[in-house]
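Naming convention: chains lettered A, B, ... in sequence-line order (proteins, then strands); numbering from 1 in each chain. All values below come from the heavy atoms of this structure, side chains included, with hydrogens, waters and symmetry mates left out.
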2 protein chains.
Amino acid sequence: MVTLKDVAREAGVTATTASRALRGMDLVTPKTTQKVVAAAEKLGYRMNISAQSLRTGRSGTVTFLTAGIDGAYFSSLAMQFAAELNKQGMHMLIESSRYLVDSQGRERDMSYLFSDGIIGINAKHASKALASHPSVLLEDYTIDSPYDQVNAPSQSGTRAAIRHLYDKGCRHIGLVGHDIPPESDPGASQQVRMLAAKHECLALGLDFDDERSLISVPWSRQGGVEAGHRWADDDLGFDGLYCPSDGLALGVLRGLADRGVDVPKDVAVIGFDGITDGQYSVPTLSTIAVDFTSMAQAAVSLLTHRIEHPDEERYPQTVTVGYKLIERESTAR
Amino acid sequence: MVTLKDVAREAGVTATTASRALRGMDLVTPKTTQKVVAAAEKLGYRMNISAQSLRTGRSGTVTFLTAGIDGAYFSSLAMQFAAELNKQGMHMLIESSRYLVDSQGRERDMSYLFSDGIIGINAKHASKALASHPSVLLEDYTIDSPYDQVNAPSQSGTRAAIRHLYDKGCRHIGLVGHDIPPESDPGASQQVRMLAAKHECLALGLDFDDERSLISVPWSRQGGVEAGHRWADDDLGFDGLYCPSDGLALGVLRGLADRGVDVPKDVAVIGFDGITDGQYSVPTLSTIAVDFTSMAQAAVSLLTHRIEHPDEERYPQTVTVGYKLIERESTAR
DNA sequence: GTGAAAGCGCTAACAA
DNA sequence: TTGTTAGCGCTTTCAC
């Protein structure tokens with residue numbers, strides 16, 4: 001293994017100078033830098049990050065902590081983060097929060113979390129890990145959270161979605177989701193969206209009933225399928241369906257297809273997130289497209305600030321990014 | 001920051017003993033171990049991985065190197081790997097090969113690649129990184145590759161797909177893809193699949209022409225849409241369409257839907273990969289489902305072997321995993 | 001502008 | 001079974 005010392009010897013300088021040269025510090029003579037770089041190149045030197053990290057206390061790595069990156073939503077989000085971090089010369093470690101708790105639900109030792117910070121989504125149970133690092137939480141709507149938050153525009157986006165259905169003539173709007181939470185402190189995006197939908201329906205003067213206006217299914221594609229079936233089988237009578245995620249909406253589309261329902265003629269469907277799959281479904285899916293790129297930029301920027309100013313006392317910030325209503329076939333009428 | 005020394009002091013032993021106790025080495029008295037563990041717990045000790053890694057030369061981290069994890073295919077693959085590595089007590093760093101080459105196409109410094117090994121997919125241009133680590137390549141069909149390979153059953157799976165179309169009465173089978181490569185050394189899964197499809201068509205005594213049997217489009221969902229359009233607009237006359245990836249197939253379904261084509265009645269469509277999206281499309285997608293779990297297990301096992309036996313001279317191995325033909329609506333007739 | 005020396009936190013070899 | 005010592009490769013004083 002070729003070390004900095006080897007490079008230094010080859011270049012006829014000391015390790016100190018070689019180190020400085022390789023990092024492009026400007027106290028070094030251009031000529032010296034040249035020599036060092038040439039030597040490094042010649043010997044095929046690659047820096048030992050562990051050593052650097054031990055010395056400086058920084059690893060240049062950020063952990064993306066999630067329950068899972070499967071599915072279009074998480075994977076496109078994860079990609080945005082990797083890209084953004086790479087741009088900053090950092091790297092992304094991906095860690096599944098599933099493996100952070102043992103069978104008894106206790107947090108496992110996370111000694112490996114040598115990363116400089118954590119970007120967490122659906123990872124609240126990993127509280128030890130979060131607390132021991134600069135952390136940014138995504139899609140966490142806890143009030144007075146101790147962490148910086150970056151959120152999708154769940155409220156405004158949902159309202160826009162409901163209004164869109166309304167504008168398309170829907171007067172019996174149904175919500176697809178697990179439940180409609182009580183007003184107090186909703187913690188997850190799902191809950192925020194359900195609540196906002198209810199409020200907007202009410203604001204528009206529509207009939208709304210916590211029980212009858214909800215098709216209660218699990219938050220998943222399969223749940224969506226079930227909701228589609230129920231719409232048809234139970235003759236629910238909604239002329240518009242709001243789904244708080246595109247995954248759910250895509251499931252609904254499939255479930256309705258199973259019953260030969262015509263979307264959007266019989267019922268209009270709108271989703272939330274803006275995953276690319278919605279461009280290719282049959283029918284294509286109207287949705288609230290969240291600005292993932294901005295989410296990534298905001299989160300990385302908040303995080304790097306915390307990493308670089310560990311002692312600064314700054315109140316936790318919340319960034320809410322923008323959205324765009326995309327009208328496609330599922331509400332075109 | 002609490003270090004091993006602090007723990008040792010608290011427990012009344014030396015750092016060495018503390019280190020051994022914490023790692024569960026059995027030369028340490030159970031009683032001593034107890035004390036050390038208690039002290040660590042009390043002080044909230046977490047190991048400094050950089051230091052450990054510097055000392056031992058191992059980071060416990062594997063890089064998943066890919067052009068991108070967006071899309072259902074890469075993300076489910078990536079998840080399988082993360083899960084498998086986590087099971088082994090290792091961690092996954094995700095790195096986009098896009099950021100490994102600069103604008104001139106030269107490989108950038110990858111000093112950060114402090115991981116113990118690399119699992120690469122679509123990452124051949126990162127040859128320096130691969131060469132400097134134990135590496136396993138996924139979906140690389142290069143003959144005489146210097147690296148271990150883990151591949152999907154592209155040949156046998158493709159043949160099964162074509163035979164399935166044949167069994168469903170298709171006699172004019174079209175291939176969707178970029179091109180049909182020459183016989184020699186195909187490097188990518190796409191090429192292997194196209195070639196295998198051609199061979200199987202020929203073996204079944206079907207008409208086949210490199211030009212006329214191909215709908216040449218880019219390897220993407222959008223490419224699939226285009227292919228669907230062409231089928232209808234150019235009156236291509238295929239009664240069965242083989243798509244070498246589910247993404248492509250889902251695009252085709254959407255493209256055919258644009259033209260009001262009835263799948264499978266007018267034309268049957270089959271994909272390859274087995275991503276979950278195919279369960280929810282309209283119509284649902286028949287496909288060759290690749291055993292991703294086995295891919296992950298095989299790759300991790302090959303890699304850990306190389307990591308643990310760096311000096312062993314072992315010829316590069318190739319593992320080809322199994323598949324399952326899943327028949328859904330898109331070929332049901 | 002460059003070098004010498006110290007030390008980040010850990011573990012392996014050796015000694016007791 | 002436990003402790004002592006040395007050093008992994010790097011960067012950061014502090015001197016020159």
Distance in angstrom units between [X] [atom1] and [N] [atom2], rounded:
{"X": "A:Lys5", "N": "D:dT11", "atom1": "NZ", "atom2": "P", "answer": "14 Å"}
{"X": "B:Arg46", "N": "C:dC8", "atom1": "CZ", "atom2": "P", "answer": "21 Å"}
{"X": "B:Met25", "N": "C:dC10", "atom1": "CE", "atom2": "C1'", "answer": "13 Å"}
{"X": "A:Ile49", "N": "D:dC10", "atom1": "CD1", "atom2": "C1'", "answer": "10 Å"}
{"X": "B:Leu27", "N": "C:dT11", "atom1": "CG", "atom2": "C1'", "answer": "13 Å"}
{"X": "B:Leu22", "N": "C:dC10", "atom1": "CG", "atom2": "P", "answer": "9 Å"}
{"X": "A:Leu4", "N": "C:dA5", "atom1": "CG", "atom2": "P", "answer": "17 Å"}
{"X": "A:Met1", "N": "D:dC10", "atom1": "CE", "atom2": "C1'", "answer": "12 Å"}

Just say parallel, tilted or perpendicular for the rings of A:Phe292 and A:Tyr73, cut-offs at 30° and 60°.
->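 Perpendicular: the ring planes of A:Phe292 and A:Tyr73 meet at over 60°.
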For A:Thr16 and for B:Leu54, find the nucleotide of DNA chain D with the closest heavy atom, then tell me which residue's nucleotide is more 5'.
-> B:Leu54
With nearest nucleotides of DNA chain D determined for B:Thr14 and A:Ser50 from heavy-atom distances, which residue corresponds to the more 5′ nucleotide?
->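 Mapping each residue to its closest nucleotide by heavy atoms, the 5'-most match is B:Thr14.
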Short side-chain N/O contact from [X] to OP1 or OP2 of [N], under 4.0 Å:
{"X": "B:Arg55", "N": "D:dC10", "value": "no"}
{"X": "B:Thr3", "N": "C:dG9", "value": "no"}
{"X": "A:Thr17", "N": "C:dT2", "value": "no"}

Calculate, to the nearest 0.5 Å, the distance between atoms CG and OG belonging to A:Leu54 and B:Ser53 respectively.
-> 9.5 Å
Nearest to the side chain of B:Arg20 - C:dG9, C:dA4, D:dT2?
-> D:dT2
Candidate nucleotides D:dC10, C:dC10, D:dT2, ranked by approach to the side chain of A:Asn48 - the nearest =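 From the listed options, D:dC10 comes nearest.
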Sugar-phosphate, base or nothing in reach of A:Thr32, heavy atoms under 4.0 Å | sugar-phosphate
Within the 3.5 Å criterion, strictly below it, is a donor on [X] or [Y] matched to an acceptor on the partner's side chain?
{"X": "A:Ser19", "Y": "A:Thr16", "result": "no"}
{"X": "B:Ser59", "Y": "B:Asp116", "result": "yes"}
{"X": "B:Glu139", "Y": "B:Tyr141", "result": "yes"}

In terms of the nearest nucleotide of DNA chain C, which residue is placed more toward the 5' end: B:Gln52 or A:Thr56?
-> A:Thr56
